[in-house]
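Remember, predicted model here, so these are calculated numbers, not experimental data. Chain identifiers are assigned alphabetically (A, B, ...) following the order of the sequence lines, protein sequences preceding nucleic acid strands; residue numbering begins at 1 within each chain.
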Protein chains: 2
Amino acid sequence: MATGSDIQQRLEEMRAALVKRGVAITPKRAKVLEILATSDEHPNVGDLHAEVQRWHPSTSLATVYNTIELLKETGQVLELEFSAAANRYDGRRPDSHPHLVCLECQRIDDLEVPEPEGIFEAIGAETGYEVVRQRLDYYGICPNCQKKRESRLSGQAGFVALNDRANY
Amino acid sequence: MATGSDIQQRLEEMRAALVKRGVAITPKRAKVLEILATSDEHPNVGDLHAEVQRWHPSTSLATVYNTIELLKETGQVLELEFSAAANRYDGRRPDSHPHLVCLECQRIDDLEVPEPEGIFEAIGAETGYEVVRQRLDYYGICPNCQKKRESRLSGQAGFVALNDRANY
DNA sequence: AGGGGTTTTAGAATGATTCTAATTTGATAG
DNA sequence: CTATCAAATTAGAATCATTCTAAAACCCCT
């Protein structure tokens, strides 16, 4: 369970990450951060937008998307993706099983990992849910794309320093 | 590794399931089934459509969606969902962790399950992928929706038999 | 040949997300 | 205090996968 100081700490991490990233903590952005640090309901963009608007009625959807993008870049929010791309299908193994998803080329490989016996029942007993299926995906870079990356990077200079700016 | 008879067997299961479901195995549907039983690339609807069109050029996207829908209903295909609904966000725990997703009301709960130590590295060693994050979701019906279901079902008659029909 | 269902079609509708070009904002220098 | 300028924000258009819809095509059976 989250205590008040947990939330304060989370909020401070988020703010620090954005400042380090070189962007301003504007009132509207601050409100998005606050909702995300507070809510345990896994809100979607529409939820966030509606809530921010209670305080800043002129806020647009684009601002919420913009703030989330910044938080994603800095690892300050976990996105549960339901709409990244087109659905993919597996007709050879119609039972749920783990996959390896390449973030670069969208290749998807099956992964052979036996599922713990009776896991659905165990989770059901603990949480009250009636579990019917699972989804376990590992995301990363496939061997091919790693090679491509190496050749692209070889002989390239280091990063350029990002700009920094005073807050609002 | 899939052998020819594996594929034949898979195909036969799919066909049998659709026949049992009471729909015809038309040439276009048969081609969708064949691709799904054969392909190890987790195709999306566009891929399937393009491939079916090589054999049946007049095939529409709607037919592919229709066939997939039938296969999903009968449990003959695994859908890796990337576009079911709006994305959801967790700002309290930005690290990847397991979730319980209610299929009825879309409620999402965090699940406390410690991740096996060094799992990313182990998978990397086995597959060559450079794993950077995971996603583990359990899908089911939350306690609230189970209650609603029970009250809705109490005193209701059984199912009506489905129609059955000769094939094309 | 005709009836009556299923299947298929093209195109419109939907909905989340991304893009774009214009406007607003706020910190800062003069 | 005002002008300046980049960052922030906006409304609305564009995109894209998916779903919906109403009409047309198809097939079996008499």
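A salt bridge does not link A/Lys147 with A/Glu150: none of the charged nitrogens is closer than 4.0 Å to a carboxylate oxygen. Ion pairing of B/Arg149 with B/Glu104 is present here, as a side-chain N (NZ or NE/NH1/NH2) and a carboxylate O approach within less than 4.0 Å.
Across D/dT18, D/dA11, D/dA8, the shortest atom-to-atom separation from the side chain of A/Ala62 is found for D/dA11. Listed candidates were C/dT17, D/dT10, D/dT18. Nearest to the side chain of A/Asn87 is D/dT18. Of the listed nucleotides (D/dT10, C/dT17, C/dT7), C/dT7 has the atom at the smallest distance from the side chain of B/Thr26. Here the nucleotide nearest the side chain of B/Thr59, chosen from C/dT9, D/dA8, D/dT10, is C/dT9.
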Check against side chain to side chain donor-acceptor pair (under 3.5 Å), B/Tyr89 and A/Glu79: CA-CA 5 Å; B/Tyr89 296 92; A/Glu79 180 174 68; 2.7 Å; yes

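Between A/Glu81 atom CD and C/dA16 atom P there is a gap of 16 Å when expressed in whole angstrom units. Atoms CD1 (B/Ile25) and C1' (C/dT7) sit 13 Å apart, rounded to a whole Å. Between the P atom of D/dC16 and the CZ atom of A/Phe82 lies a distance of 23 Å, rounded to the nearest Å. Rounding to whole angstrom units, CG of residue B/Leu18 and P of C/dT6 are separated by 16 Å. Rounded to a whole Å, the CD atom of A/Glu79 is 14 Å from the P atom of C/dA16. If you measure from atom CG of B/Leu61 to atom P of C/dG11, you get 12 Å, rounded to the nearest angstrom. Here D/dT19 presents its P atom at 12 Å from CG of B/Asn66, a figure rounded to the nearest Å. Distance CD1 (A/Ile68) to P (D/dT9): 14 Å, rounded to an integer number of Å.
Judged by distance alone, the side chain of B/Glu34 and the main-chain N or O of B/Leu11 form no donor-acceptor pair under 3.5 Å. For the pair B/Thr74 (side chain) and B/Leu71 (backbone), a donor-acceptor distance under 3.5 Å is present.
Ring pair A/His42/B/His97 is tilted by interplanar angle, where 30° to 60° counts as tilted. Ring geometry for A/Phe120 against B/Tyr138 counts as perpendicular: the plane angle is over 60°, on a 0 to 90° scale with 30° as the lower cut.
Between C/dT7 and B/Thr63, no contact under 4.0 Å exists linking OP1 or OP2 to a side-chain N or O. Note on A/Lys28: a side-chain N or O is less than 4.0 Å away from OP1 or OP2 of D/dT10.
For residues 29-58 of chain A, proximity to DNA chain D is found at A/Arg29, A/Ser58, defined as any non-hydrogen atom under 4.0 angstrom from a strand atom.
B/Tyr65 comes within 4.0 angstrom of a nucleotide base, judged by non-hydrogen atoms across all strands.
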